[in-house]
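Reading through the structure tokens given below for one structure.
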Number of protein chains: 2
Amino acid sequence: MAKENALTSLVNEGEIKPSQRRSLSEETADKLRELILLEKLPPGMHIPERDLAEVLGISRTPMREALRILESQGLVDHTPTRRSRVANPSVDELAQSMKVLATLEALAGELACTHASDSQITTIAALNQCMVEKSEVMSSIDFFKTDMNFHTSIVAASGNAALVDTHAKYNARLWRARFLSSRRKLGRATTLQQHQDITTALQDRNVADASRAMRDHIETAIENLFMTRDKQESFE
Amino acid sequence: MAKENALTSLVNEGEIKPSQRRSLSEETADKLRELILLEKLPPGMHIPERDLAEVLGISRTPMREALRILESQGLVDHTPTRRSRVANPSVDELAQSMKVLATLEALAGELACTHASDSQITTIAALNQCMVEKSEVMSSIDFFKTDMNFHTSIVAASGNAALVDTHAKYNARLWRARFLSSRRKLGRATTLQQHQDITTALQDRNVADASRAMRDHIETAIENLFMTRDKQESFE
DNA sequence: TGTTGACACATGGTATACCAAATTATGAAA
DNA sequence: TTTCATAATTTGGTATACCATGTGTCAACA
């Protein structure tokens with residue numbers, strides 16, 4: 001059938017990587033997440049677990065577990081009749097998730113001020129410096145990955161395991177939206193300035209500034225999200 | 001489909017439950033959650049999925065899914081070798097989760113000020129009033145359930161689906177700790193005052209007050225948590 | 001021609017079987 | 001008695017089979 005052919009073609013594009021300790025479910029969740037973020041599995045598409053498992057050469061059991069993982073990250077949801085489909089969040093829904101993310105990161109900035117070790121702050125500052133120096137030569141994707149790394153490092157420096165965990169879930173859910181947002185030309189200069197503000201606040205261990213700088217940074221991303229919807233702009 | 005003939009409706013009336021939407025996995029997760037919160041399954045206990053499934057009369061498949069659900073709520077952990085066990089969070093870990101909860105609820109209060117309908121605020125105020133009037137006659141558990149209902153209603157009034165979802169997970173994770181905290185005699189009067197502050201702020205739709213009142217309320221619960229650890233006190 | 005209802009099939013939920021890894025028990029050697 | 005290698009057992013991960021229900025198709029009928 002046509003569906004199977006379409007699915008088969010996309011598995012051959014990537015290479016299957018065997019791994020050591022990770023379970024098939026987790027590997028599969030990673031593969032599917034990538035396929036979703038690249039829109040190889042487009043938003044709203046139904047996922048028949050039997051067929052997709054067959055295409056990936058696994059049984060339904062780990063496929064089902066992978067779908068649960070993605071569901072908990074908000075990348076997959078269920079129809080009233082339990083059929084899985086790729087999440088297709090509206091801009092408003094993405095903005096709501098980002099609003100929560102902004103709050104989580106503000107908390108992370110606050111906690112990091114008192115909890116982070118000097119070496120952690122040094123690492124964060126180094127990531128910031130790296131982005132400043134190489135912003136002209138980095139590709140969108142590399143710039144973005146460093147950006148994400150910067151944020152994740154701050155959350156890790158908060159020393160709050162629950163926060164790290166929940167932040168990771170929101171990050172997974174919002175990865176694509178943030179990437180699109182960061183690709184906007186206007187964004188990069190603003191991003192660098194805001195990162196500098198965050199870094200400075202952390203170095204000063206100024207709780208109020210760090211919290212506010214983190215929140216403002218994500219709020220800007222929310223604005224970008226709406227702007228991206230309202231008008232198409234040029235990308236780099 | 002909409003039309004049913006007379007015979008069918010007569011036969012079905014009163015006999016047939018419309019549709020059993022709840023899966024065994026979800027029911028099992030609920031049962032296990034209860035067992036964990038009642039410490040019938042004590043913290044740190046290993047959970048051999050085969051045996052426990054047999055005890056509950058189900059197969060391993062839904063049991064495994066139930067364990068994944070509880071894991072995503074933080075009520076179950078995994079050892080490095082993947083064996084499930086009941087989570088046994090330290091007071092510090094619980095405090096960290098509550099710190100995140102405080103932030104989430106502060107956001108909920110903030111959003112509820114601008115998003116909640118008048119009737120939602122009326123409902124919230126009614127819950128508050130109910131606790132004030134009946135605090136003397138309610139059992140610990142009923143008082144606590146109303147308390148939880150009050151909080152959940154505010155989060156729902158925020159209109160932010162992601163926030164509702166994440167809050168529900170933290171609530172599940174912290175249910176027991178919050179219950180123990182709320183059982184402290186000293187807590188009830190403070191709780192009522194703080195609930196009143198929250199209610200007033202919401203009725204005034206005062207964003208800053210609502211946010212602060214929500215945060216303060218949970219911060220008090222964190223303090224209670226540590227006090228409960230440090231010295232045993234009398235309970236009602 | 002449009003509606004309806006029965007039947008076939010698609011799909012997710014559950015049970016069971018099997019395997020590999022990890023844990024525990026065993027026993028021989030020091 | 002202690003230690004360590006190894007066998008026996010337990011346990012979680014995966015595959016497969018079966019079942020219940022939802023969904024679509026098409027023929028019969030008004």
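Computed over heavy atoms, backbone and side chain alike; hydrogens, waters and symmetry mates excluded. The model shown is predicted, which means the values in this text are computed figures rather than measured ones. Proteins come first, then strands; the chains are lettered A, B, ... in the order of their sequence lines, and each starts at number 1.
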Query raised in the report: Does any residue of residues 51-70 of chain B have a heavy atom under 4.0 Å from DNA chain D, and if so, which ones, in number order?
Result: B:Asp51, B:Arg60, B:Arg64, B:Arg68
Requested in this report: Please report, rounded to the nearest Å, how far the P atom of C:dA22 is from the NE2 atom of B:His46.
Outcome: 15 Å
Requested in this report: Treat primed atoms plus P, OP1 and OP2 as sugar-phosphate and everything else as base, then score nucleotides 5-10 of chain D 5' to 3': B for base contact with protein heavy atoms under 4.0 Å, S for sugar-phosphate contact only, - for none.
Outcome: ------
Query raised in the report: Should A:Arg215 and A:Glu105 count as an ion pair when the cut-off is N to O under 4.0 Å?
Result: no
**Report entry** OP1 or OP2 of D:dT14 under 4.0 Å from side-chain N/O of A:Ser25
**Finding:** yes
Query raised in the report: Can you check whether A:His217 and A:His151 have ring centres sitting under 6.0 Å from each other?
Result: yes
Query - Separation of C:dT16 P from B:Glu49 CD (nearest whole Å) - result: 15 Å
Query - Spacing of A:Arg50 atom CZ relative to D:dT23 atom P, expressed in whole Å - result: 15 Å
Report task. Look at A:Arg60 together with A:Glu54 and state whether they make a salt bridge at an N to O cut-off of under 4.0 Å. Result -> no
Query - B:Glu39 bridged to B:Arg176 by N-O distance under 4.0 Å - result: yes
Indicate every side-chain donor-acceptor pair of residues 154-164 of chain B with a distance under 3.5 Å to a residue at least two apart or in another chain.
| residue | atom | partner | partner atom | Å |
| --- | --- | --- | --- | --- |
| B:Ser158 | OG | B:Val155 | O | 2.6 |
| B:Ser158 | OG | B:Asn160 | N | 3.2 |
| B:Asn160 | OD1 | B:Ala162 | N | 3.1 |
| B:Asn160 | OD1 | B:Leu163 | N | 3.0 |
| B:Asn160 | ND2 | A:Gln96 | O | 3.1 |

Query raised in the report: Of the nucleotides C:dA22, C:dG12, D:dG13, which has the atom closest to the A:Ser23 side chain?
Result: D:dG13
Query - Ion pair check, B:Arg33 and B:Asp30, cut-off under 4.0 Å - result: yes
Query raised in the report: Is the shortest side-chain N to carboxylate O distance from A:Glu27 to A:Arg22 below 4.0 Å?
Result: no
**Report entry** Nucleotide C:dT14, atom C1' - distance to CZ of B:Arg22 in whole Å
**Finding:** 17 Å
Report task. Name the nucleic acid region contacted by B:Arg82, choosing base, sugar-phosphate or nothing; use a 4.0 angstrom heavy-atom cut-off, strictly under. Result -> sugar-phosphate
Query raised in the report: So, are A:Arg68 and A:Glu65 salt-bridged, with charged N and O less than 4.0 Å apart?
Result: no
